[in-house]
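Have a look at the structure below, then the notes.
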Amino acid sequence: MRVMHGKPAHGVGAAVGKRVLGTLGAVALTAGLLSACGGDEEPPADSAAMSSAGPEESTPSPEPSADEQDPEASPSEPSSEPSGDGTDEGAGDDAGEGTAKPGEDEGDGAGDDESSEPGDGTSQGEGKPDGKGGDKGPKEEEPEKPDYIEYGEVSNRVGKLQQRLQDLGYFVTSVDKAYGGETQQAIFALQKAGGLYRDGVVGDATQNAADDGVVPKAQTSSGKVLEIDIDRQLVLAVDNGKVVKVINASSGNGETYEAKGATYTAYTPRGSFAVFREVNGMHSSALELGDMWRPKFFTGGIAVHGSASVPAFPASHGCVRVSNSAMDWIWDTWGAPSGTPVVVY
């Protein structure tokens, strides 16, 4: 039996039943696991890879294998997207993610009041279950809450957890006491940062990580940088060495795939790059591998972009997926314009 690090072993039978219900919604995510990246423009000479080696790699944390069921309980919460065709620069200028041939881009009631008639001494509630003279049934006890938190729960303790995650810098926009897709993305990120099993269930280990303030450290020390931690599948928005935001991500899964008669590898390159192209809208792959929300390309056809499906493990064709709402934050709040350094390690 696998040990679920994000949840206590106490009450295993009940916990497993709860987790099955909580994870059924994950099936909806798998339909979109192969959304793609792409664009056939290569970066200009002054914004191409600035060095061939990134910072020292971090120690990988446990994660489900690619053939395991997606642990997400529901899709990431999409942000409002324009109904138009975005700002594509023309047909045929995109390609799918992955490693392509040279010159070709890759691609969440009160009871009754009791009173007596004057002088008769008779209670109006007589004979009723809640009257003075009536029989009272057994008091119903409220069901005991499980000793873990999972997708779908609405409670004050969820609100407290959301506030803690927000304070630590994990991407949570609303403290609404409801464990939905956005909260699940933040829990995935926390579990990744803490080296815990990535199941989205908040058991003792995950709660302790939140209480202890577990946050990944930046690898850069100056300037505004997008750091991408491939081993832990995280995107960090870093400003002068301080981690401003921690975002769940999913990068290339390393598998080969075919598109339009060619074979590609779903690979996300490591190194130091810079944003050289961005599309403020929905962008479609010319290799017909899927769509990208507001992509920011940093090498070849590889981009950081929004997606409705961001599981807790590598699943893309090579691009780096984040939730649509997280991508909106990168664009509209944090910035990351062309020229912003992107360090992949």
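- From Phe188, atom CZ reaches atom OG of Ser250 across 10.5 Å, with rounding to the nearest 0.5 Å.
- Under the 4.5 Å side-chain heavy-atom criterion for Ile, Leu, Val, Met, Phe, Trp and Tyr, Val201 and Val154 are members of distinct hydrophobic clusters.
- Between the side chain of Thr340 and the backbone N or O of Val275 there is no donor-acceptor pair closer than 3.5 Å.
- Rounded to the nearest 0.5 Å, atoms OG (Ser325) and CD (Gln185) are 8.0 Å apart.
- Between Asp229 and Arg270, none of the side-chain N atoms (NZ, or NE/NH1/NH2) sits under 4.0 Å from a carboxylate O, so this pair counts as no salt bridge.
- Taking every heavy atom of both residues into account, Tyr170 and Ala186 meet most closely at CD2-O, 4.0 Å.
- Counting heavy atoms of neighbouring residues, nucleotides and ligands inside a 6.0 Å radius, atom NZ of Lys224 exceeds 12 of them.
- When all heavy atoms of Ala178 and Thr183 are compared, the closest pair comes out as O-OG1, 3.7 Å.
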**OP:** Apply side-chain contact (heavy atoms from CB on, under 4.5 Å) to Trp331 and Asn280, showing your working.
**Re:** CA-CA 8 Å; Trp331 267 86; Asn280 190 8; 3.5 Å; yes
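- Cluster membership for Val158 and Val175, using ILVMFWY side-chain heavy atoms within less than 4.5 angstrom, is not shared.
- With hydrogens and angles disregarded, a donor-acceptor distance shorter than 3.5 Å links the side chain of Thr268 to the backbone of Gly318.
- Atom OG of Ser285 and atom CE of Met292 lie 6.0 Å apart (nearest 0.5 Å).
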Original post:
Can you check side-chain contact (heavy atoms from CB on, under 4.5 Å) on Ile187 and Leu165, steps first, answer last?
Top reply: CA-CA 8 Å; Ile187 293 299; Leu165 291 168; 3.7 Å; yes
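- Annotation: side chain of Ser338 is in contact with side chain of Glu278 (closest heavy-atom distance under 4.5 Å).
- Only one option out of Val235, Ile247, Val344, Val342 pairs with Val320 in a side-chain contact (heavy atoms from CB on, under 4.5 Å); it is Val235.
- Applying the salt bridge (charged side-chain N to carboxylate O under 4.0 Å, His left out) definition to pairs two or more places apart or across chains, those involving residues 154-167 are Glu153-Arg157.
- A 4.5 Å side-chain heavy-atom check between Val343 and Gln219 finds every atom pair outside the cut-off.
- A heavy-atom distance below 4.5 Å is found between the side chains of Pro269 and Ile302.
- Counting heavy atoms from C-beta outward, Ser316 and Asn253 have side chains that stay 4.5 Å or more apart.
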Original post:
Asp291 and Ser284: side chain to side chain donor-acceptor pair (under 3.5 Å), yes or no, with the steps?
Top reply: CA-CA 4 Å; Asp291 297 329; Ser284 298; 2.6 Å; yes
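- You'll find the side chain of Tyr267 stays beyond 4.5 Å of the side chain of His317, heavy atoms only.
- Under a 3.5 Å cut-off, the side chain of Gln233 and the backbone N or O of Ile230 do form a donor-acceptor pair.
- In this structure, the separation between OG on Ser272 and CZ on Phe298 is 11.0 Å, given to the nearest 0.5 Å.
- When all heavy atoms of Pro295 and Gly281 are compared, the closest pair comes out as CD-O, 3.7 Å.
- Across Pro216 and Arg232, no two heavy atoms sit closer than the pair CB-NH2, 3.6 Å.
- A salt bridge does not link Lys192 with Asp231: every distance from a Lys NZ or Arg NE/NH1/NH2 to an Asp or Glu carboxylate oxygen is 4.0 Å or more.
- The closest side-chain heavy-atom distance from Gln162 to Glu182 is not below 4.5 Å.
- Leu226 and Ala237 make their closest contact through CD2-CA, 4.5 Å (heavy atoms, listed as atom of the first residue, atom of the second, distance).
- Here Met282 contributes atom CE and Arg294 contributes atom CZ; the two are 11.0 Å apart, rounded to the nearest 0.5 Å.
- Taking each heavy atom of Leu234 and Asn248 in turn, the nearest pair found is CD2-CA, 4.4 Å.
- Between Phe276 and Phe297, the ring-plane angle classifies as tilted under the 30° and 60° cut-offs.
- For the pair Lys245 and Trp334, the cation does not sit on the ring face, since its NZ or CZ is not both under 6.0 Å from the ring centre and inside 45° of the axis.
- The shortest distance between side-chain heavy atoms of Glu288 and Lys260 falls below 4.5 Å.
- A donor-acceptor pair is defined here as one N or O able to donate and one able to accept, closer than 3.5 Å; such a pair exists between the side chain of Lys296 and the backbone of Ala336.
- Using cut-offs of 30° and 60° for the angle between ring planes, the Tyr151 and Tyr179 rings count as perpendicular.
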Original post:
Can you list the steps and then say if Ile228 with Val304 is a side-chain contact (heavy atoms from CB on, under 4.5 Å)?
Top reply: CA-CA 9 Å; Ile228 300 172; Val304 176; 3.8 Å; yes
**OP:** Could you check Lys217 against Val243 for side-chain contact (heavy atoms from CB on, under 4.5 Å), going step by step and ending with a plain yes or no?
**Re:** CA-CA 7 Å; Lys217 295 182 179 179; Val243 176; 5.9 Å; no
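- Looking only at side-chain heavy atoms (C-beta outward), Leu161 and Val202 come within less than 4.5 Å of each other.
- Side-chain N/O atoms of Glu258 and Tyr264 include no donor and acceptor closer than 3.5 Å.
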Original post:
Yes or no on side chain to side chain donor-acceptor pair (under 3.5 Å) for Thr206 and Gln191, after CA distance, side-chain angles and deciding distance?
Top reply: CA-CA 6 Å; Thr206 301; Gln191 290 176 331; 3.1 Å; yes
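- Taking CD from Gln163 and CG from Leu168, the interatomic distance works out to 10.0 Å, rounded to the nearest 0.5 Å.
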